[in-house]
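Only heavy atoms go into these numbers, but all of them, side chains included; no hydrogens, no water, no symmetry mates. Below, read A as the first sequence line, B as the second, and so on, with proteins coming before strands; counting in each chain starts at 1.
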Amino acid sequence: VKVRVEEGSCHGHQSCAIAAPEVFGADDYGNAVVLIEGVIPVELEAKVRRAEGNCPERAIVIED
Amino acid sequence: VSIDPLTDYDIFDSQFVIDPFPVMDEIRESACPVAHTDRWGSSWMPTRYADIVAVAQEHDLFTSQQILVTGPPPGQEPEGPYAAVAAPPISSDPPEHHWHRRLILPFFAPQAVAKFEDGTRELCNRLIDGFIEHGEADAAADYAQQIPVRVIATMLGVPTDLSDTFTGWVRGVLEAGLKDQAIRLEARNNILDYFKREIDDRTANPRENDLITTLLSSEVDGQQVPEEYVHGVCNLMLVAGVDTTWSSIGAALWHLAQHPEHRHQLRDDPELWPSAIEELLRAYAPVTMARIVGRDTEFQGCPMHAGDRVLMSFPAANRDPRQFDRPDEVILDREHNRHVAFGAGIHRCAGSNLARLELRVALQTFLARIPDFELVDPSAVTWAGGQVRGPRQCKVRF
């Protein structure tokens, strides 16, 4: 799978980075950035889904 | 006499302050999950997660002209000599909100607040040193209450020796001041008098690596920011950064005092901490914010008028069974937790990363030094409610 953060929807809760710190981080303003370019390694998929399920703004989009 | 919470709720009712959740559940499961009251300056109160998130996200309709949960209508507050000083960005609406918030966010990013971790842990250890030999302590007053005010004072570059004074002012605004405008105004003026002197001092003697100095010299569109903005940010950081986090730490310790199984889980599996912190934030969200309706509208069948106040009870949102399985249970490894303890939308708590750090370090340090503790008397625990919910006296023995 691939993952992206919907621009304009993320307000910097950082819930994604807490659930999946290998995949998500923060820019200078604390908004989410995806740290892995392209396809997410299979072993991190479950964490990415958990990150999606923890975002209060529903800003994380997983593309299967 | 029983009152109908759908039409006459009282956020300061003594039972509601201790445990608001039965009333929230009753409203949420009724035919009208958006309640109304004429008390305390009148307000609407949605209780479902989706409705509260909608109010938070629809900032054009639900404005931040006022954010306190009580008080006179917008424009009629007696703000005294500092009427031009607000609490940006929490009190700002777009378009100004954008720069009001953007200037302070870098100070609160996760990588920026990480530098406060060691100092916070030392502070927590010092506080515990002060009472660990007694076998008893007030987890709220002797510990939780002492932590955030010192972290925020350090961040603002003002003396931590004044912590008790700062705490008194913040309680004046957020506790007693919610029921009495004269108390609120006096506390507000004390805060603003204090920071006016600090700003004047920085203007005359700029400091290195100093938040207030940095803000004073920052520019937006080639213009130096107005002093009222910096003054307002100082106001916000003190008022929003103290009661809230202290309430969260206190409520988490109150919970852990009664749940040895959760203390043991955290001891045996340190990898639980990240989700455990989020779960404690969900279950014991301290903050309720208010919005002012910007134009006449109908919301979930309720006729709302411009100027009406709407409460966003994040504690109520976080206990909605439509959003959370077994919402009243604390499940430390909860898989999906879209909690809104820090709000939602453009006003997401700017200090959330700092608050989380303080909560985690405070709990980890306490549990490391005092692995087992219990409430001395559950019925003697006192709570604050209204804008910020949390225990104020919470004696534990160990």
Side-chain angles (χ1 to χ4, degrees), chain A, chain B residues 49-50 52-54 56-57 59 89 97-99 101-114 271-279 281-282 285 314 317-318 323-325 333-357 360:
Chain A
V1 303
K2 290 183 179 179
V3 66
R4 64 185 170 85
V5 177
E6 194 78 71
E7 210 179 313
S9 297
C10 173
H11 293 292
H13 292 257
Q14 284 290 298
S15 311
C16 54
I18 290 164
E22 302 88 343
V23 183
F24 300 94
D27 66 12
D28 289 347
Y29 299 92
N31 289 323
V33 290
V34 179
L35 304 172
I36 294 177
E37 243 180 276
V39 177
I40 301 296
V42 177
E43 66 273 18
L44 291 175
E45 275 184 22
K47 279 195 164 185
V48 167
R49 292 188 196 284
R50 184 165 185 160
E52 191 285 321
N54 277 268
C55 176
E57 312 285 355
R58 297 180 180 268
I60 293 168
V61 182
I62 296 174
E63 289 160 345
D64 284 286
Chain B
Y49 178 92
I52 293 163
V53 170
Q57 291 180 333
H59 50 261
H97 172 271
H98 181 73
W99 76 259
R101 184 169 168 89
R102 198 166 169 86
L103 277 186
I104 64 160
L105 282 179
F107 295 104
F108 292 101
Q111 57 276 23
V113 299
E271 287 189 11
L272 263 184
W273 276 105
S275 65
I277 292 295
E278 299 309 303
E279 177 65 348
L281 283 165
R282 181 193 69 80
F314 300 124
N318 283 353
Q323 180 64 32
F324 301 98
D325 292 334
D333 60 352
R334 191 178 283 275
E335 172 89 11
H336 289 159
N337 186 358
R338 300 186 202 269
H339 77 78
V340 285
F342 296 117
I346 64 170
H347 289 282
R348 184 268 308 168
C349 169
S352 61
N353 299 301
L354 182 64
R356 277 194 185 102
L357 180 149
R360 174 175 55 78

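Rounding to the nearest 0.5 Å gives a distance of 12.5 Å between CD1 of B:Ile104 and OH of A:Tyr29. In this structure, CZ on B:Arg282 lies 11.5 Å from CG on A:Asn54, to the nearest 0.5 angstrom. Considering CD of A:Gln14 and CZ of B:Arg356, their distance stands at 7.5 Å, rounded to 0.5 Å. The distance from atom NE2 of B:His336 to atom CD of A:Glu52, rounded to the nearest 0.5 Å, is 7.0 Å.
For B:Gln111 (side chain) and A:Gly30 (main-chain N/O), no donor-acceptor pair under 3.5 Å exists by modelled atom type.
For the pair A:His11/B:His347, no side-chain contact is recorded, criterion being any heavy-atom separation below 4.5 Å from C-beta on. Between A:Arg50 and B:Ser275, the closest side-chain pair of non-hydrogen atoms falls below 4.5 Å.
Residue A:Pro56 comes nearest to B:Val340 through the heavy atom pair CB-CG1, 4.0 Å, listed as atom of the first residue, atom of the second, then distance.
Looking only at heavy-atom pairs under 4.5 Å with chain A, the residue among B:Pro274, B:Ala112, B:Pro106, B:Gly345 that has the most is B:Gly345.
In this structure, no portion of B:Phe108 lies under 4.5 Å from any heavy atom of chain A. Only the side chain of B:Asn353 comes within contact range of chain A, judged by heavy atoms closer than 4.5 Å. Using a 4.5 Å cut-off between heavy atoms, B:Arg102 contacts chain A through both its backbone and its side chain. Looking at B:Glu335, the atoms closer than 4.5 Å to chain A (heavy atoms on both sides) sit in the backbone and in the side chain alike. Within the 4.5 angstrom heavy-atom criterion, atoms from both the backbone and the side chain of A:Arg58 approach chain B.
Residue B:Glu271 places its CD atom among 12 or fewer non-hydrogen atoms of other residues, nucleotides or ligands, all under 6.0 Å distant. For CD of A:Glu37, the number of neighbouring non-hydrogen atoms (other residues, nucleotides, ligands) closer than 6.0 Å is 12 at most.
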